[in-house]
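Here the structure comes first, spelled out in structure tokens, and everything after it is commentary.
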Amino acid sequence: MSLNNDIAHRGRIVSVTPEVTTVEIISESACSACHAKGLCSLGDATVKQVELPTRGWDNYREGDEVQVVLRASMGHKAVWLAYVVPLAVMVAALLATLAAGGSELLAGGIAIGAIALYYTTLWLLRSRLKNEYVFNIRT
């Protein structure tokens with residue numbers, strides 16, 4: 001994380017079109033720098049692709065090494081949407097069902113159903129959320 005509250009990752013440009021620039025980011029686990037990572041199954045890395053809007057004044061080519069930047073506040077919002085709110089929904093559904101006199105099995109089923117409904121709603125709103133989470137390129 002840099003001084004101006006941005007989250008930055010190194011990446012390589014995979015493709016550039018007039019509308020979208022695709023950058024490949026390798027997310028490494030915290031122990032990937034460990035000397036014993038070859039002996040351990042925990043030190044893995046995953047490749048992710050991020051699509052960014054192409055700006056007319058940028059002169060990027062495939063293969064260029066860049067930094068992909070996202071405001072830290074957007075990262076915090078993503079954590080809330082992905083973890084904190086669903087936990088609150090699940091606990092509220094569980095406790096409300098138990099308080100209404102439902103069995104534990106019913107309460108568990110309703111809590112799981114509430115989480116499924118929450119994530120389905122997030123999925124339906126994905127295009128709206130995609131517009132809020134805009135990555136930028138910094139060389």
Side-chain angles (χ1 to χ4, degrees):
M1 195 150 87
S2 65
L3 295 175
N4 59 357
N5 258 354
D6 289 341
I7 300 170
H9 294 283
R10 298 293 300 157
R12 184 178 51 84
I13 294 181
V14 177
S15 70
V16 179
T17 66
E19 297 85 28
V20 176
T21 301
T22 306
V23 179
E24 185 176 77
I25 299 172
I26 299 177
S27 298
E28 298 177 347
S29 64
C31 57
S32 65
C34 176
H35 68 281
K37 72 177 179 179
L39 303 174
C40 177
S41 64
L42 298 176
D44 59 346
T46 58
V47 176
K48 298 177 183 172
Q49 290 191 347
V50 178
E51 292 182 349
L52 304 94
T54 301
R55 301 177 300 202
W57 60 87
D58 289 335
N59 194 17
Y60 299 119
R61 291 191 203 103
E62 292 182 18
D64 286 352
E65 294 287 326
V66 295
Q67 266 191 329
V68 177
V69 180
L70 178 70
R71 287 194 330 261
S73 61
M74 290 290 102
H76 298 308
K77 183 177 179 181
V79 169
W80 274 88
L81 288 174
Y83 300 112
V84 178
V85 174
L87 177 65
V89 167
M90 180 180 65
V91 170
L94 186 68
L95 294 178
T97 306
L98 290 174
S103 69
E104 289 179 1
L105 182 63
L106 178 65
I110 289 176
I112 291 172
I115 293 295
L117 180 63
Y118 173 79
Y119 281 117
T120 301
T121 304
L122 273 185
W123 181 77
L124 291 172
L125 296 173
R126 69 188 179 276
S127 62
R128 190 173 174 189
L129 290 171
K130 186 177 182 178
N131 292 334
E132 288 184 30
Y133 290 91
V134 178
F135 291 87
N136 293 307
I137 295 178
R138 184 170 54 201
T139 54

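Owing to the predicted nature of the structure, the values given are computational and were not obtained by experimental measurement. Each residue takes its place number in the sequence, starting with 1.
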Exercise for review: Give a yes or no on this: more than 12 heavy atoms of other residues, nucleotides or ligands lie within 6.0 Å of atom CG of L105.
Suggested key: no
Identify the two heavy atoms, one from [X] and one from [Y], that lie closest to each other, and give their separation to 0.1 Å.
| X | Y | answer |
| --- | --- | --- |
| R10 | I25 | O-CG2, 3.8 Å |
| L81 | L122 | O-CD1, 3.7 Å |
| A111 | A93 | CA-CB, 4.0 Å |
| L94 | G108 | CD1-N, 3.9 Å |

Check your understanding: Short question: side chain of R126, backbone of W123 - any donor-acceptor pair under 3.5 Å?
Key -> yes
Check your understanding: Ignoring hydrogens and geometry, is there a side-chain-to-backbone donor-acceptor pair from Y119 to A82 under 3.5 Å?
Key -> yes
Quick check on the hydrophobic clustering: are [X] and [Y] connected, directly or via other members, by side-chain heavy-atom contacts under 4.5 Å?
| X | Y | value |
| --- | --- | --- |
| L129 | I115 | yes |
| V23 | V20 | no |
| L87 | Y118 | yes |

Is the shortest side-chain heavy-atom distance between [X] and [Y] below 4.5 Å?
| X | Y | answer |
| --- | --- | --- |
| T21 | E51 | no |
| V85 | V89 | yes |
| E104 | L98 | yes |
| T22 | V50 | no |

**Study point:** Trace of the side-chain contact (heavy atoms from CB on, under 4.5 Å) decision for H9 with Q67
**Key:** CA-CA 5 Å; H9 294 283; Q67 266 191 329; over 6 Å; no
